[in-house]
Amino acid sequence: MTTRRYWLMKCEPDVYTIDDLARDGKTSWEGVRNYQARNFMRDDVQEGDGVLFYASNAKPSGVTGLATIARAGYLEEPPAWFMVDIAFVERFPEIVSLATLKSTKALAKMMVTQKGSRLSVQPVTKAEYEIVVRIGRQRV
DNA sequence: GCCAACGTTGGC
DNA sequence: GCCAACGTTGGC
């Protein structure tokens, strides 16, 4: 058995939200057209991995909930690009905004908090994942 | 809507 | 292989 890994996956709310995923239960994550992100999905993303569901270009942007990888990387049609399936896990009561991520010292090295980080599928450490989950589950 | 940061394309 | 031009992402 391989170790569970963690990812942050970005999507614009105009396209798909955590509420859409809660309704659908599961969805295919296709249309990624960046080689680095593709390589993660092709080589490293495994069934059962944890996903921070991130709303980009939003007001505000941030992590809106959790998902899990339901199917590891498989070829899109046409081939050359890869997709995965993700399944709904939970919706946070409130978004964990990018500003919050940036102001959390333990997340200073998290990829999404770095300037100019555009990668739509990013690796996240277990520690970072757990911190975001803890913040996300807090009721205000 | 602006624009900085980044990735890709294509001429040379 | 360099690099300018162009297109896209995404925070603000």
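This is a predicted model, so every value here is computed, not measured.
In this structure, A/K10 places its NZ atom 11 Å from P of C/dT9, rounding to the nearest Å. When the P atom of C/dT8 is taken as reference, atom CZ of A/R33 falls 14 Å away, rounded to whole Å. Between the CG atom of A/N34 and the C1' atom of C/dG7 there is a distance of 14 Å, given to the nearest Å. What separates CD of A/Q36 from P of B/dG7 is a distance of 7 Å, to the nearest Å.
A ring-centre distance under 6.0 Å is found for A/W29 and A/F53.
Residue contacts shown for A/K102 are limited to sugar-phosphate atoms, with no base heavy atom under 4.0 Å away.
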What protein N or O atoms touch nucleotides 1-5 of chain C N or O atoms at under 3.5 angstrom, if any, and at what distances?
none

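Residue A/Y35 places no side-chain N or O under 4.0 Å from the OP1 or OP2 atom of B/dC6. Phosphate proximity of C/dG11 to A/S61: present, with a side-chain N or O under 4.0 Å from OP1 or OP2.
Contacts classified as salt bridge (Lys or Arg N to Asp or Glu O under 4.0 Å) and involving residues 42-64 of chain A (residues at least two apart or in different chains) are given here: A/R5-A/D44. Counting only residues at least two apart or in different chains, side chain to side chain donor-acceptor pair (under 3.5 Å) contacts with residues 106-116 of chain A are absent. Residues in residues 80-93 of chain A take part in these side chain to side chain donor-acceptor pair (under 3.5 Å) pairs, two or more places apart or across chains: A/D19-A/R91, A/Y74-A/D85, A/E90-A/R137.
Listed by residue number, A/K115, A/G116, A/R118 are the residues of residues 109-119 of chain A with a heavy-atom contact under 4.0 Å to DNA chain B.
The only member of A/M83, A/M41, A/E77 that meets side-chain contact (heavy atoms from CB on, under 4.5 Å) when paired with A/E30 is A/M83.
Alongside A/I95, the hydrophobic cluster contains no other residue (criterion: ILVMFWY side chains under 4.5 Å).
With hydrogens and angles disregarded, a donor-acceptor distance shorter than 3.5 Å links the side chain of A/N34 to the backbone of A/A37.
Between the side chains of A/S103 and A/T100, not a single donor N or O lies within less than 3.5 Å of an accepting N or O.
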